Amino acid sequence: MALGFQDAGMELDGWLELIRAIIRQYSFALDSLQITCEANLTFTEGSKPNVQNALVQGIIAAKEAAEAANAQVKIGFAAVPDHFGPVVPEFWESIFQLGGRTFVESLDYVGYNFYADVFEASLT
């Protein structure tokens with residue numbers, strides 16, 4: 001299902017409802033839920049308009065849904081360390097500005113993906 005959250009005409013309501021529905025339906029079997037994938041990489045999620053807002057609002061919605069369901073689901077997202085690839089400038093500052101304290105308090109983890117030798121020129 002294409003919700004368009006990465007497009008300029010982002011359908012944030014549909015995206016957030018999808019997250020809420022996943023929590024409602026599957027929280028009994030979930031240990032954690034990752035919202036977006038590597039939103040700070042410039043050539044994947046991070047290059048899409050509105051992905052930072054989708055990340056921030058998705059984290060907040062997921063945490064609210066988990067609390068409403070009395071579910072012990074950890075809510076987070078994945079990123080790459082700033083020095084491991086072409087990352088979105090000022091990503092961390094931007095997502096904090098978008099979500100503030102509510103975002104930070106809703107966030108249980110950030111999973112770092114390390115890609116050895118992917119973004120570096122080969123030594124051979």
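Basis for what follows: all heavy atoms, side chains included, without hydrogens, waters or symmetry-related copies. None of these values were measured; they are calculated from a predicted model.
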Applying side-chain contact (heavy atoms from CB on, under 4.5 Å), run through Q34 and C37 and close with a yes or a no. CA-CA 8 Å; Q34 176 178 309; C37 182; 3.9 Å; yes

side-chain contact (heavy atoms from CB on, under 4.5 Å) assessment of T36 paired with W15: CA-CA 11 Å; T36 74; W15 167 242; 4.2 Å; yes

Pairs of donor and acceptor atoms involving the side chains of residues 71-79, under 3.5 Å and at least two apart or interchain, shall be tabulated with distances.
{"residue": "K74", "atom": "NZ", "partner": "D31", "partner atom": "OD1", "Å": "2.9"}
{"residue": "K74", "atom": "NZ", "partner": "D31", "partner atom": "OD2", "Å": "3.3"}

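Of the possible polar contacts, one joining the N40 side chain to the V80 backbone as a donor-acceptor pair under 3.5 Å is found. Side chain of E17 to backbone of I19: no donor-acceptor contact under 3.5 angstrom is found.
We find the CG-CG distance between L98 and N50 to be 10.0 Å, quoted to the nearest 0.5 Å. The line from CD1 of I59 to CG of L33 is 8.0 Å long, rounded to the nearest 0.5 Å. Separating the CG atom in D13 from the CD atom in Q57 is a distance of 10.5 Å, to the nearest 0.5 Å.
Taking every heavy atom of both residues into account, L16 and A61 meet most closely at CD2-CB, 3.9 Å. Shown here for Y109 and S32, the closest heavy-atom pair between the two residues is CE2-CB, 4.0 Å. Taking every heavy atom of both residues into account, S106 and K63 meet most closely at O-CE, 3.1 Å. Looking at every heavy atom in both residues, A39 comes nearest to L55 through CB-CD2, 4.2 Å. In terms of heavy atoms, V56 sits closest to G99 at CG1-CA, 3.5 Å.
Other residues, nucleotides and ligands contribute more than 12 heavy atoms inside 6.0 Å of the OH atom of Y112.
Looking at heavy atoms from C-beta onward, I95 lies in side-chain contact with F103 at the 4.5 angstrom threshold. Looking at V88 and L41, their side chains never come closer than 4.5 Å, going by heavy atoms from C-beta outward. Using a 4.5 Å heavy-atom threshold, the side chains of F91 and T42 count as separate.
Evaluation of the salt bridge (charged side-chain N to carboxylate O under 4.0 Å, His left out) rule for E105 yields R101 as partners, not counting sequence neighbours.
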